[in-house]
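By convention here, the first residue in the shown sequence is residue 1. Model, not experiment: these values are computed from the prediction. Computed over heavy atoms, backbone and side chain alike; hydrogens, waters and symmetry mates excluded.
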Amino acid sequence: MVWQDDRNDESDIYGAIVKQNGEINNPDGFRISRIDDSQTNPAVAFDGTNYLVVWEDYINGTNNYNIYGARVTPDGTVLDPDGITISDAGDQQ
């Protein structure tokens, strides 16, 4: 599961792994996005190997957000700690 979290005085994306039996690994969550500025509105998908977490990111310093993502392994290892640019076209995505 993933969520927007303001514990560091800015919005970041955190996640936790929920096992099939409902047990939650990392109940306080682990930080997925390590980019400055605010990250909001996360979503997650699983391809059978890794999770893809995506979010809106205001990294460009304007009021227009871009879409970034990161791959996360089933044990919670963030493979892309600096994020992957999914879309940074003009205006909002």
Given the rule in the side-chain contact (heavy atoms from CB on, under 4.5 Å) test, do Val78 and Arg31 qualify, once you have shown the distances and angles that lead to the verdict? CA-CA 8 Å; Val78 179; Arg31 191 172 173 191; over 6 Å; no
Qualifying residues under side-chain hydrogen bond (donor to acceptor under 3.5 Å, both in side chains), relative to [X], sequence neighbours excluded:
X     : answer
Asp82 : none
Ser11 : Gln4, Asp6
Thr85 : none

Ignoring hydrogens and angles, write down the donor-acceptor pairs under 3.5 Å from the side chains of residues 39-47, residues two or more places apart or on other chains.
residue	atom	partner	partner atom	Å
Gln39	OE1	Ser33	OG	2.9
Gln39	NE2	Ile35	O	3.0
Gln39	NE2	Asp36	O	3.3
Gln39	NE2	Asp37	O	3.0
Gln39	NE2	Asp57	OD2	3.3
Thr40	OG1	Glu56	OE1	3.3
Asn41	ND2	Glu56	OE1	2.8
Asp47	OD1	Thr49	N	2.7
Asp47	OD1	Asn50	N	2.8

Residues two or more places apart in sequence or in another chain: which of them pass side-chain contact (heavy atoms from CB on, under 4.5 Å) with Asn26? Phe30
Does one hydrophobic cluster hold both Ile84 and Leu79, with members joined at side-chain heavy-atom distances below 4.5 Å?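 No, it is not one cluster - the side chains of Ile84 and Leu79 are not joined through contacts under 4.5 Å.
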Could you see if Trp3 belongs to whatever hydrophobic cluster contains Val53? Use Ile, Leu, Val, Met, Phe, Trp, Tyr and a side-chain cutoff under 4.5 Å. no
Note, Trp55 side chain near Ile32 side chain (heavy atom, < 4.5 Å):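 Of all side-chain heavy-atom pairs linking Ile32 with Trp55, at least one is under 4.5 Å.
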Extract all donor-acceptor atom pairs below 3.5 Å that involve side chains of residues 13-25 and protein atoms in other chains or at least two apart in sequence.
residue	atom	partner	partner atom	Å
Tyr14	OH	Asn8	ND2	2.9
Asn21	OD1	Glu23	N	2.8

